[in-house]
Protein chains: 2
Amino acid sequence: MSLLDASLIADIPPFQGMKREYLVELLSKAKSERYENGRTVFTQDEEAHSFFILLDGHIRVVRITPDGDQVIARYISSGELFGIAQALGLERYPANAVAAVECVVLSWPGTLWNMVAEKYPTFATNTYRTVGIRLQETQDKVVELATERVEQRVANAILKLANQTGRKTEDGILIDFPITRQDISEMTGTTLHTVSRLLSAWETAGLVKSERKKITVTEGHKLAVIAEGKREL
Amino acid sequence: MSLLDASLIADIPPFQGMKREYLVELLSKAKSERYENGRTVFTQDEEAHSFFILLDGHIRVVRITPDGDQVIARYISSGELFGIAQALGLERYPANAVAAVECVVLSWPGTLWNMVAEKYPTFATNTYRTVGIRLQETQDKVVELATERVEQRVANAILKLANQTGRKTEDGILIDFPITRQDISEMTGTTLHTVSRLLSAWETAGLVKSERKKITVTEGHKLAVIAEGKREL
DNA sequence: GTTCATATTTGTCAAAACGCAAATTCGAAA
DNA sequence: TTTCGAATTTGCGTTTTGACAAATATGAAC
């Protein structure tokens, strides 16, 4: 276990408003671990042994269907909680969590949740607020899938990723981790072929630049117009 | 405010494991109200003033999109919590809640949540477990919308309603509240026309019987086969 | 530099599902 | 009983999107 300083986590949302002293205590019970790109943090249906905070990197949360289809539920960015099954009384993780790049993850044994929630009510409250936001986001996704066309959903997914994780470059906003057409199709409920066609068209129109596993948004506002459902600019 | 006896709620899941004495206390702070069919309990984006338990009836929870599309998020059955924005730190309700039949609803002022959660930790834990289950169900819906065809989704929705709220009749299992083709289309992300066609076909094939605002499942196992994705029997 | 698995692009065709329109049925209210 | 709005059914043409197939590009590993 490496050295963990309270300043590591003091500024990230789940710990907002907690006394320094408590942060130190909490950290003393945490384990820090590096995950190389592609490594699995936890697996769907596995017994929920820990809960996690991502200190650095990006984690892909994926559900697998009985017939093998994958659906990407969300990407976790640094500073976010994930795998918090215990907080919700779940005995098993409902999805896979896989490092999308090199990651640093902090974890606590799941058995600690009750104690932690009781001793650090601020942390518990912050956690439940996160859950509330995610529940809403998930509902939003249901609405999107139920009412919007593929083109809108793909535009939206790319915009969100750019906002959430984008890094500014000379060309525009680059999504900060390797992402394939297949990944985007699994976020939006379509096929990699359709995503490829859309990206090709958008590239021709100058809205994005893309290479293998890389997408840069150059004309975000135009993408946003497509996400709104307008057919042309 | 009518007379409320602890036995009213002692057996329903959110209150499992709570001391009788606490139930009485909690009830003394609750308000009971009847809602006739179609009456709104709370509205999307309205400030979250209360949290609720449905004692009798069925409540439809509906999201409205900016361009007026409706998506039915879930049906609440009796004994279930709803409108628990406070538990998740949300300031506003994320959807409309409307009585789908004559209902009896118990409510507490939202300002009481923190006190209630602290004083009755069992109740809080039960609530968060409910949230966990709903989050999973919502994720399931995302997966369904992303990977299954309309036919499967409609079959699934009807099966779930029949299981959740069905009443046994001589013909089969009747969904216990008035429900239109439009409602089902708003649960499954399709149009009322497509739902109508599917129900007609299934009626011809003898899987269901349906009248205006009424659906009876006669051959659940065959519907289940369709929900699984098989094209014929 | 060569090799090879992986990612991407693109074409063609077919199926699924929607949109629009119109007819019809039903049931509640007058 | 009559009326009228709401719910439902159904036909038809169109659009969207998926499925299949094949070619091509890319970058990491050797």
Side-chain angles (χ1 to χ4, degrees), chain A residues 36-38 65 67-71 100-102 144-155 157-158 175 177-205 208-216 226 229-232, chain B residues 36-38 67-71 100-102 144-155 157-158 175 177-205 208-216 226-227 229-232:
Chain A
E36 73 275 18
N37 186 354
T65 69
D67 29 74
D69 290 325
Q70 302 203 354
V71 176
V101 287
E102 171 99 12
E144 200 184 343
L145 283 162
T147 63
E148 294 178 6
R149 283 172 299 111
V150 169
E151 188 185 30
Q152 299 174 255
R153 306 201 302 262
V154 172
I158 291 174
I175 293 173
F177 51 86
I179 186 163
T180 66
R181 311 288 185 261
Q182 176 80 36
D183 289 333
I184 294 184
S185 74
E186 290 174 1
M187 297 177 70
T188 52
T190 181
T191 62
L192 82 160
H193 306 279
T194 299
V195 172
S196 179
R197 279 177 235 273
L198 287 170
L199 282 176
S200 295
W202 292 341
E203 177 126 32
T204 303
V208 302
K209 290 189 177 242
S210 71
E211 302 165 53
R212 165 178 278 228
K213 294 191 182 183
K214 252 185 215 163
I215 299 174
T216 305
I226 291 174
K230 310 291 193 301
R231 270 113 202 294
E232 35 226 305
Chain B
E36 73 275 19
N37 186 354
D67 28 74
D69 290 325
Q70 301 204 357
V71 176
V101 287
E102 171 99 12
E144 201 184 342
L145 284 162
T147 63
E148 294 179 6
R149 282 171 300 111
V150 168
E151 187 185 29
Q152 299 175 254
R153 305 202 301 263
V154 172
I158 291 173
I175 294 173
F177 52 84
I179 185 163
T180 65
R181 312 288 186 261
Q182 176 81 35
D183 290 333
I184 295 186
S185 74
E186 290 173 1
M187 298 178 69
T188 52
T190 180
T191 62
L192 82 162
H193 306 278
T194 299
V195 172
S196 178
R197 280 177 235 273
L198 286 170
L199 281 176
S200 296
W202 292 340
E203 177 126 32
T204 304
V208 303
K209 289 189 178 240
S210 69
E211 300 164 54
R212 165 178 281 226
K213 296 193 182 182
K214 252 185 216 165
I215 299 174
T216 304
I226 291 173
K230 310 292 192 303
R231 268 118 202 293
E232 33 226 305

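Side-chain contact check for S210(B) and R181(B): at least one donor-acceptor pair (N or O, by modelled atom type) lies under 3.5 Å.
Of the side-chain N and O atoms in S196(B), none sit less than 4.0 angstrom from OP1 or OP2 of dT10(D).
We find that CH2 of W202(B) is positioned 16 Å from C1' of dT8(D), with the value rounded to whole Å. What separates CD of E148(B) from C1' of dA17(C) is a distance of 16 Å, to the nearest Å. In this structure, K214(A) atom NZ and dT8(C) atom C1' are separated by 15 Å, rounded to whole Å. When the C1' atom of dT16(D) is taken as reference, atom CD of Q152(A) falls 12 Å away, rounded to whole Å. The separation between I226(A) atom CD1 and dT16(D) atom P is 13 Å, rounded to whole Å. One atom, CG of L198(B), and another, C1' of dT9(D), lie 13 Å apart when rounded to the nearest Å.
Looking only at distances, no side-chain donor or acceptor of R153(B) sits under 3.5 Å from a matching main-chain atom of E144(B). Of the possible donor and acceptor atoms, one in the side chain of Q152(B) sits under 3.5 Å from a partner among the backbone N and O of R149(B). Formation of a donor-acceptor pair under 3.5 Å by the S200(B) side chain with backbone atoms of S196(B) is found in this model.
Minimum atom distance to the side chain of L192(B) is reached by dT8(D), of the listed dT17(D), dT8(D), dC18(C). Here the side chain of T194(A) is nearest to one of dC18(C), dT9(D), dT17(D), namely dT17(D).
Taking every heavy atom of both residues into account, V71(B) and T147(A) meet most closely at CG2-CG2, 3.7 Å. For the pair L145(B) and T188(B), the tightest heavy-atom approach, listed with the atom from each and the gap, is CD2-O, 3.6 Å.
Judged by distance alone, with hydrogens and angles left aside, R149(B) brings no side-chain donor or acceptor close enough to the base of dG18(D) to form a pair under 3.5 Å. No N or O donor and acceptor, one from the side chain of R197(A) and one from the base of dG18(D), sit under 3.5 Å apart.
A side-chain contact (heavy atoms from CB on, under 4.5 Å) with V208(A) is found for exactly one of L199(A), L198(A), T216(A), namely L199(A).
Residues satisfying the side chain to side chain contact (heavy atoms under 4.5 Å, CB included) test with E211(B), not counting sequence neighbours, are K214(B).
The stretch residues 177-186 of chain A does not touch DNA chain D, since none of its heavy atoms comes less than 4.0 Å from the strand.
Residues K213(B) and T191(A) both approach DNA chain D. Their nearest nucleotides, taken by heavy-atom distance, put K213(B) toward the 5′ side.
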Going 5' to 3' through nucleotides 22-30 of chain C and flagging B where a protein heavy-atom sits under 4.0 Å of the base, S where only the sugar-phosphate is that close, and - otherwise, we get ---BBS---
| request: Apply side chain to side chain contact (heavy atoms under 4.5 Å, CB included) to I184(B) and T190(B), showing your working. | output: CA-CA 8 Å; I184(B) 295 186; T190(B) 180; over 6 Å; no
